[in-house]
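In what follows, residues are counted from 1 in the order of the sequence shown.
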Amino acid sequence: MNDLGLFHGKMGVAIALYAYANHYDDELIEEYAWDLIQQVNDAVYTDMPVGLEYGLAGIGYGTTLLQMHGFVDCDLNDILADIDAKIMERDPRRMTDMSVRSGAAGIQLYISMRQKACSKVLTFDELYVSELQAALAVRAVAATDIDVISLLNRPTFDIEDYLEKPIGIDGGSAYYILEELPV
C-alpha cells in the first residue's frame, strides 16, 4: 500500500487496526498499526494534496482521532506542526474546491476536530481559520458537523471476498472493521 491518506491509505487502515486491537486486546495488531503510523509520518511529503481523502488534512484528522480515543499519546500541536504549516500555505480565499473530501470543507472539519481535542490549537493561526470559515460561508458550505464515517463508501464486495481487494476504509476491507468497531 503506497497511499498514505485517510480514506484509501495507511492512515485509515491504522485507525481501523487500532480499533480492532483495542476491542480484542491484540498487541500484535496494535504494533502493526503503530508501524503504519510511523510509515505515514516518515513518508509525508510537503507537496501532498491538502484534502481529507488523500492529503495532509486527512493525516492530521486521523492522528487527532487516534489521540482522542487514547490509541496514541502525543502532543498534537507538536506532532502536526509541519502538516498544519503546509496546509496554511494554501490560501483559503483562493480555493475553488469547497468539498469535504478534497477541499476547504475537509480542512475545516480537521481544524474543528483539533479544536475539540486540544485546549488550544497553536499551529493554525486565527487569521487562517477565520479566512477559511469566511470562504466556506460565502459558498454556504457547513463542514463542522459532518461525521467522516458517513462519507465512506461501503465495499462492493462481501467481507469474505477481501483477498485481492482494496484495503482502505473507503470501499475497502478496513471499512468492515470500522463498521463493526466504530471509533
Side-chain angles (χ1 to χ4, degrees), residues 1-45 48-84 87 100-101 106-107 109-119 121 123 144-183:
M1 182 176 13
N2 293 324
D3 190 319
L4 302 176
L6 178 62
F7 283 35
H8 308 283
K10 293 179 181 182
M11 179 54 75
V13 171
I15 292 168
L17 292 177
Y18 267 113
Y20 181 93
N22 183 60
H23 184 78
Y24 291 105
D25 199 26
D26 190 322
E27 291 182 23
L28 183 62
I29 296 294
E30 184 176 340
E31 288 175 22
Y32 185 69
W34 175 249
D35 186 49
L36 284 177
I37 295 298
Q38 294 297 77
Q39 289 176 35
V40 169
N41 289 332
D42 291 344
V44 167
Y45 51 97
M48 282 182 74
V50 294
L52 203 60
E53 184 171 11
Y54 292 102
L56 298 170
I59 291 170
Y61 185 97
T63 304
T64 304
L65 185 69
L66 290 170
Q67 191 264 354
M68 286 176 73
H69 287 281
F71 297 145
V72 296
D73 182 24
C74 63
D75 178 345
L76 293 173
N77 285 315
D78 182 46
I79 198 164
L80 295 172
D82 291 341
I83 286 175
D84 295 349
I87 290 171
V100 174
R101 283 184 171 254
I107 295 169
L109 190 61
Y110 161 51
I111 292 172
S112 289
M113 178 170 249
R114 281 288 304 284
Q115 290 169 333
K116 291 176 189 170
C118 298
S119 58
V121 177
T123 52
T144 55
D145 295 329
I146 297 171
D147 176 18
V148 168
I149 302 300
S150 70
L151 300 172
L152 302 177
N153 296 304
R154 183 174 181 71
T156 57
F157 56 89
D158 291 331
I159 194 169
E160 304 83 31
D161 299 327
Y162 68 92
L163 293 176
E164 306 291 324
K165 303 294 185 192
I167 299 172
I169 62 173
D170 185 39
S173 299
Y175 176 93
Y176 288 117
I177 296 172
L178 292 182
E179 182 180 52
E180 288 295 314
L181 309 169
V183 286

Worksheet item: When rounded to the nearest 0.5 angstrom, what distance separates OG1 in T64 from NZ in K116?
Response: 11.5 Å

Worksheet item: For Y162, does the OH atom sit with more than 12 other heavy atoms under 6.0 Å from it, leaving out its own atoms?
Response: no

Worksheet item: With a cut-off of 6.0 Å (strictly less than), are more than 12 heavy atoms of other residues, nucleotides or ligands near CG of D82?
Response: no

Identify every side-chain donor-acceptor pair in residues 18-30 under 3.5 Å, counting partners at least two apart or on other chains, and give the distances.
residue : atom : partner : partner atom : Å
D26     : OD1  : L28     : N            : 3.1
D26     : OD1  : I29     : N            : 3.0

Discussion item. For a quick test of reading the model, state the closest non-hydrogen atom pair linking P155 to Y175 and the distance between them.
Written reply: CD-CD2, 3.3 Å

Item to complete: Would you check if L65 and F71 make a side-chain contact, meaning some heavy-atom pair closer than 4.5 Å?
Response: no

Worksheet item: If you measure from CD1 on I177 to CD1 on I169, what distance do you get to the nearest 0.5 Å?
Response: 10.5 Å

Worksheet item: Does any pair with a residue in residues 159-183 pass salt bridge (Lys or Arg N to Asp or Glu O under 4.0 Å), and if so which ones, sequence neighbours excluded?
Response: R101-D170, R154-E179

Discussion item. Tell me whether D73 at atom CG has more than 12 heavy atoms from other residues, nucleotides or ligands lying less than 6.0 Å away.
Written reply: no

Worksheet item: Does OH belonging to Y32 count more than 12 external heavy atoms closer than 6.0 Å?
Response: no

Worksheet item: At what distance, to the nearest 0.5 angstrom, does CG of L6 lie from CG of L4?
Response: 11.5 Å

Worksheet item: Taking atom CD1 of I79 and atom CG of D75, what is their separation to the nearest 0.5 Å?
Response: 9.0 Å

Response to the item:
What one should report as the nearest heavy-atom pair of I83 and L56 is CG2-O, 3.5 Å

